[in-house]
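The first residue of the sequence shown is numbered 1, and numbering continues consecutively from there.
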Amino acid sequence: MAKVHITNVVVLDNPSSFFNPFQFELTFECIEELKEDLEWKMIYVGSAESEEYDQVLDTIYVGPVPEGRHIFVFQADPPDVSKIPEPDAVGVTIVLLTCSYRGQEFVRVGYYVNNDYADQEMRENPPPKPLFDKLTRNILASKPRVTRFKINWDDGHSNGNSANGHENGHDMQMMHDDGPSTSSASTTGQHEATMDDNSLAMPMENGVKALNENSNSLAMEC
C-alpha cells in the first residue's frame with residue numbers, strides 16, 4: 001500500500017498573468033515515517049506535437065517526512081517562452097505535478113491550462129506572433145487527473161517502476177528533463193487547506209481509494 005497520499009491541492013493565484021509563477025498548495029498524508037526525501041516535479045507541456053518542448057519548471061525535495069499530515073507550497077517560474085512553439089503558445093496545454101520516492105514516481109496530478117488574451121479584440125484578432133505579456137493563464141483547478149503507480153517503498157531492490165521508467169502517458173506527452181532546477185522545502189504538520197474554486201479535495205477511503213482515475217470528468221490521459 002502507498003505510504004503517501006495527496007489529500008488536497010489548491011491552485012494559488014489563478015487566473016494569473018502568463019509570466020507569474022505557478023503556485024500549488026499541496027496537502028499530503030504520510031502513513032509511515034519516510035527516511036528519504038520525496039522528490040516533487042512541476043512539468044509544463046509546451047506542445048502536443050513533441051515531447052522536446054516539455055519543460056521541467058522546478059524540482060523540490062521534501063524530507064525526511066514524519067508520519068502525519070503535511071502541507072507546503074510548490075512554486076515555480078513560468079516556462080521559457082523561447083522553448084514554446086509559436087502555434088502552441090495560445091490555447092490549451094497541461095501542467096503536471098509528479099512525486100517520486102527513491103527514484104520511483106508513484107503519483108502524478110495533471111491540470112489543463114488555458115492561455116488566452118485578456119483583451120477581447122486580441123482574442124478575436126490574435127497577433128501573428130504571440131505576445132506573452134498580454135496572455136492570461138487559467139488553470140482548470142476543479143478538473144485534475146490523478147494517476148498512481150505501484151512502487152517499492154521499502155529498502156531493497158526497486159520493482160523497476162522508476163520515474164524514468166513510466167511511459168509518458170498524457171495527451172500532450174511529458175518529457176523527462178535531465179536538468180531541472182532544484183530547491184528544497186520543509187513540511188509542516190496538521191494544517192488545513194482553505195477550500196475555494198481553486199481547491200481540489202481528495203477525500204481518502206481507508207487511506208487509499210480517493211486517488212482514482214475517475215477524479216477527472218474531462219479525462220486527461222496520464
**OP:** Please indicate whether Glu33 has more than 12 foreign heavy atoms, meaning atoms of other residues, nucleotides or ligands, lying under 6.0 Å from its CD.
**Re:** yes

Subject >> Side-chain donor/acceptor of Arg123 to backbone N/O of Ala118, under 3.5 Å >> reply: yes

**OP:** Verify whether the ring centers belonging to Phe24 and Tyr111 lie closer than 6.0 Å.
**Re:** yes

**OP:** Can you spot which of Val10, Ile71, Val62, Leu97 makes a side chain to side chain contact (heavy atoms under 4.5 Å, CB included) with Leu26?
**Re:** Leu97

Original post:
Where the side chain of Arg148 meets the backbone of Val107, is there a donor-acceptor pair that is under 3.5 Å apart?
Top reply: no

Subject >> side-chain contact (heavy atoms from CB on, under 4.5 Å) partners for Asp77, two or more places apart >> reply: none

Original post:
Any luck finding a side-chain donor-acceptor pair between Ser47 and Asp88 under 3.5 Å?
Top reply: yes

Original post:
Residues in side-chain hydrogen bond (donor to acceptor under 3.5 Å, both in side chains) with Asn115, at least two apart?
Top reply: Tyr44

**OP:** Flag yes if more than 12 heavy atoms outside Glu121 fall under 6.0 Å of its CD atom; otherwise flag no.
**Re:** no

Original post:
Taking the six-membered ring where the residue is Trp, are the ring centres of Trp153 and Phe106 under 6.0 Å apart?
Top reply: yes

Original post:
What do the steps show when you test Phe22 against Val11 for side chain to side chain contact (heavy atoms under 4.5 Å, CB included), and what is the final call?
Top reply: CA-CA 8 Å; Phe22 283 88; Val11 182; over 6 Å; no

Original post:
For the side chain of Gln104 and the backbone of Asn152, is there at least one donor-acceptor N/O pair under 3.5 Å apart?
Top reply: yes

Original post:
Measuring from Tyr117:OH to Lys134:NZ, what's the distance to the nearest 0.5 Å?
Top reply: 10.5 Å

Original post:
If we ignore angles and hydrogens, is there a donor and acceptor under 3.5 Å between the side chains of Asp80 and Ser82?
Top reply: yes

**OP:** Search all heavy atoms of Glu32 against all heavy atoms of Glu67 and return the closest pair with its distance.
**Re:** N-CG, 4.2 Å

**OP:** Determine, for Asp37 against Arg102, whether the closest basic-nitrogen to carboxylate-oxygen distance falls under 4.0 angstrom.
**Re:** no

Subject >> Minimum heavy-atom distance between Asn14 and Ala141, given as atom pair plus value >> reply: ND2-CB, 4.4 Å

Original post:
From Glu29 CD over to Ile6 CD1, what is the distance, rounded to the nearest 0.5 angstrom?
Top reply: 12.5 Å

**OP:** Would you please indicate if the ring centroids of Phe18 and Phe132 are separated by under 6.0 Å?
**Re:** yes

